[in-house]
Amino acid sequence: MNWRQLFKGTTVAYTAVPLLAFSATLLLVVSLGLDWQASFNRAIGLIGLVCGAAGLAAAIYLLLASRREQALVRQVTEGARLMADGELDQRVVSSPSHESTGLAEEFNRMSDVIESRVRAFETERRQMAVAIDTMGDGVIVVDSETTVTLVSRAAEWLLGINAQTARGRPLAQVMRDPEVLNLVATAAGTRQMQRAELELLYERRFLGVIATPVSGNDREDVVLTIRDVTRARQIETTRREFVSNVSHELRSPLASASAMVEVLESGAIDDRETALDFLQRIRGDVTRMTSLVDELLELSSLESGQMPVHMAPVSVNDVLNEIVERFQLAASSDGIELSSNPLKDLPHVMGEQRRLEQVLTNLVENALRFTPRGGKITLKAQQETEWVIVTVADTGVGIPREHLPHVFERFYKVDRSRREKGTGLGLAISKHLVQVQGGDISATSVEGEGSEFRVKLRRAT
């Protein structure tokens, strides 16, 4: 309520009421013809009585108005305190006839605006938090004191840390990597984006880290964006090894053929026996290069999914008998026993017979290559619930434990001294051929005792 208006209203009350009382008394005296002096004295007493009553009424009015104003002020004060504590639904209730209704309305309007804006800010904050937590890249925010203020879920997974325990701690205690700390310090000092690539030796993983300085609201934060680039590094390493291996595999027969051509050109062609020997060697080199190119094309088609596979029920026993018959002579000439041990009533498998024969051919060729004279190679099949397991076991030199996880990689060779005995693509092709038929292939081995390759194929229904 406006105190000036209140004072004005009170003055009117003190002045108008006595005047009205006095005028009424004089009129009463004149009209009745009463004794003037006595009547005047009684009128004065009556006026005093009326003025006293009017003063008392005005005092009561002021007291009530003051209490209403104090109650309203208390409501506003308490509402402001509760809003500061986060209770944004505070409103002030005032009587519509009260002169301070404007104050209540303004407070309520202010409360509506604050609540609306805070709710909108909370919605944006939640959306931003969801966006950060669903990012594939990890995010860590540090302030000017290098204290961690935010850690996303991806950052937890990439770095093996806990967001709750990391927040509020120095970055040096969260990421014990001096390169990251230097990256953050450089970004904060130069106010420029910094990049680096880290290698986590204990996990053999590679991380790409970007430190971006962010300024605002008197804060100098640095945002760390972390990306797992292990797969990209592996692909790049594989590409380099692939180019190197292909170059080596082609260079050797090309150099050999070129040297023999030069010898023939220098006069050896007139020696029929020597010329025929050289021509046979050249043919062998050409055959080897052709085989390499064919296998590369086949592997490329398999990896790109462009090679069609015509699935149908296939008799595993028929395939095993075919493979044994095909390699029996070669095994006998090398002094190796080759046999198969199929089960009777073995169910058919879903696949393509020609592709399955190609897989077992690669496995038997490898077994013959690394099994010494007097050794044994056994092919067998057995049923396991919905699967049929075909194994090729040998008593050869075996595979060292550290090489076993890599035997299905392209161009991987355990014994580099035996490079001339294969392209190093057979097992990689076999793995893809089995996978496109809905199966799986694995290997176990004990160095010096032999190896066993297991081909798992789904039973035909």
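The chain is numbered in sequence order, starting from 1.
Checking side-chain atoms of Asp394 against main-chain N and O of Gly396 turns up a donor-acceptor pair under 3.5 Å. Between the Thr225 side chain and the Val139 main chain, no donor and acceptor come within less than 3.5 Å of each other. Looking at Gln194, its side chain never comes within 3.5 Å of a backbone N or O of Leu183 through a donor-acceptor pair. For Glu452 (side chain) and Thr444 (main-chain N/O), no donor-acceptor pair under 3.5 Å exists by modelled atom type. For Glu449 (side chain) and Gly398 (main-chain N/O), no donor-acceptor pair under 3.5 Å exists by modelled atom type. For Thr147 (side chain) and Asp143 (main-chain N/O), no donor-acceptor pair under 3.5 Å exists by modelled atom type. Thr149 contributes a side-chain N or O that, together with a main-chain N or O of Val141, makes up a donor-acceptor pair within less than 3.5 Å.
More than 12 heavy atoms of other residues, nucleotides or ligands shown are found within 6.0 angstrom of CZ on Arg326. Shown here is Glu325, whose CD atom has no more than 12 heavy atoms of other residues, nucleotides or ligands within 6.0 Å. A 6.0 Å sphere centred on CZ of Arg195 holds no more than 12 heavy atoms belonging to other residues, nucleotides or ligands.
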Assess whether salt bridge (charged side-chain N to carboxylate O under 4.0 Å, His left out) is satisfied between Arg281 and Asp285, documenting all intermediate values. CA-CA 6 Å; Arg281 295 186 182 185; Asp285 289 334; over 6 Å; no
Should Ser315 and Asn317 be marked as a side-chain hydrogen bond (donor to acceptor under 3.5 Å, both in side chains) after you check the CA-CA gap, both sets of side-chain angles, and the distance that decides it? CA-CA 5 Å; Ser315 172; Asn317 287 337; 5.3 Å; no
Working note: Val390 + Leu379, criterion side chain to side chain contact (heavy atoms under 4.5 Å, CB included); need CA distance, chi angles, decisive distance, verdict. CA-CA 7 Å; Val390 181; Leu379 283 69; 5.9 Å; no
Please evaluate residues Arg401 and Glu447 with respect to the criterion side chain to side chain contact (heavy atoms under 4.5 Å, CB included), reporting the C-alpha separation (whole Å), side-chain torsions for both, the decisive distance (0.1 Å), and the verdict. CA-CA 8 Å; Arg401 181 185 302 174; Glu447 189 174 6; over 6 Å; no
Using the rule given for side chain to side chain contact (heavy atoms under 4.5 Å, CB included), can you reason through Leu207 versus Leu159, listing the C-alpha separation, both sets of side-chain angles and the distance that settles it, and then say yes or no? CA-CA 9 Å; Leu207 302 178; Leu159 302 174; 3.8 Å; yes
Please report the C-alpha distance between Arg233 and Glu199 in whole Å, then the side-chain angles of each, then the deciding distance to 0.1 Å, and finally whether the salt bridge (charged side-chain N to carboxylate O under 4.0 Å, His left out) criterion is met. CA-CA 11 Å; Arg233 284 290 298 269; Glu199 181 179 2; 5.9 Å; no
Given Ile269 and Phe278, is the side chain to side chain contact (heavy atoms under 4.5 Å, CB included) satisfied, shown in steps? CA-CA 9 Å; Ile269 194 171; Phe278 278 15; over 6 Å; no
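Note that OG1 of Thr361 and CZ of Arg354 are 11.5 Å apart. Values are rounded to the nearest 0.5 Å. Atom OG1 of Thr287 and atom CD1 of Ile282 lie 11.5 Å apart (nearest 0.5 Å). In this structure, Leu320 CG and Lys380 NZ are separated by 12.0 Å, a value rounded to the nearest 0.5 Å. To the nearest 0.5 Å, the span separating CG on Leu198 from CG on Asp177 amounts to 5.0 Å. Within the model, atoms CD of Glu357 and CG of Leu433 stand 12.0 Å from one another, a figure rounded to the nearest 0.5 Å. The NZ atom of Lys431 sits 9.5 Å away from atom CD1 of Ile441, with the distance rounded to the nearest 0.5 Å.
The residues Asp440 and Lys456 are annotated as not salt-bridged, no charged nitrogen and carboxylate oxygen being separated by less than 4.0 angstrom.
Looking only at side-chain heavy atoms (C-beta outward), Val151 and Val174 stay at 4.5 Å or farther from each other. Residues Phe453 and Asn366 have side chains not in contact (no heavy-atom distance under 4.5 Å, counting atoms from C-beta outward). The shortest side-chain heavy-atom distance between Ile429 and Gln358 falls under the 4.5 Å cut-off. Side-chain contact between Val148 and Arg169 is absent, with no heavy atoms from C-beta onward closer than 4.5 Å. The closest side-chain heavy-atom distance from Val455 to Leu363 is below 4.5 Å. Inter-residue side-chain proximity for Glu179 and Asn182 is flagged as unmet; no heavy-atom pair is nearer than 4.5 Å. At least one side-chain heavy atom of Lys376 sits under 4.5 Å from a side-chain heavy atom of Ser339. You'll find the side chain of Asn362 stays beyond 4.5 Å of the side chain of Leu427, heavy atoms only.
In this structure, Arg458 forms a cation-pi arrangement with Trp387, its terminal cationic atom sitting closer than 6.0 Å to the ring centre and no more than 45° off the ring axis.
Of all heavy-atom pairs spanning Ile323 and Val364, the tightest one is CG2-CG2, 3.7 Å. Taking every heavy atom of both residues into account, Thr395 and Pro372 meet most closely at O-CD, 4.2 Å. Residue Ala155 comes nearest to Ile161 through the heavy atom pair O-CG1, 4.1 Å, listed as atom of the first residue, atom of the second, then distance. A pairwise comparison of heavy atoms in Thr391 and Arg454 identifies CG2-CG, 3.6 Å as the closest pair. Residue Leu338 comes nearest to Val324 through the heavy atom pair CD2-O, 3.9 Å, listed as atom of the first residue, atom of the second, then distance. A pairwise comparison of heavy atoms in Val316 and Ala381 identifies CG1-CB, 3.9 Å as the closest pair.
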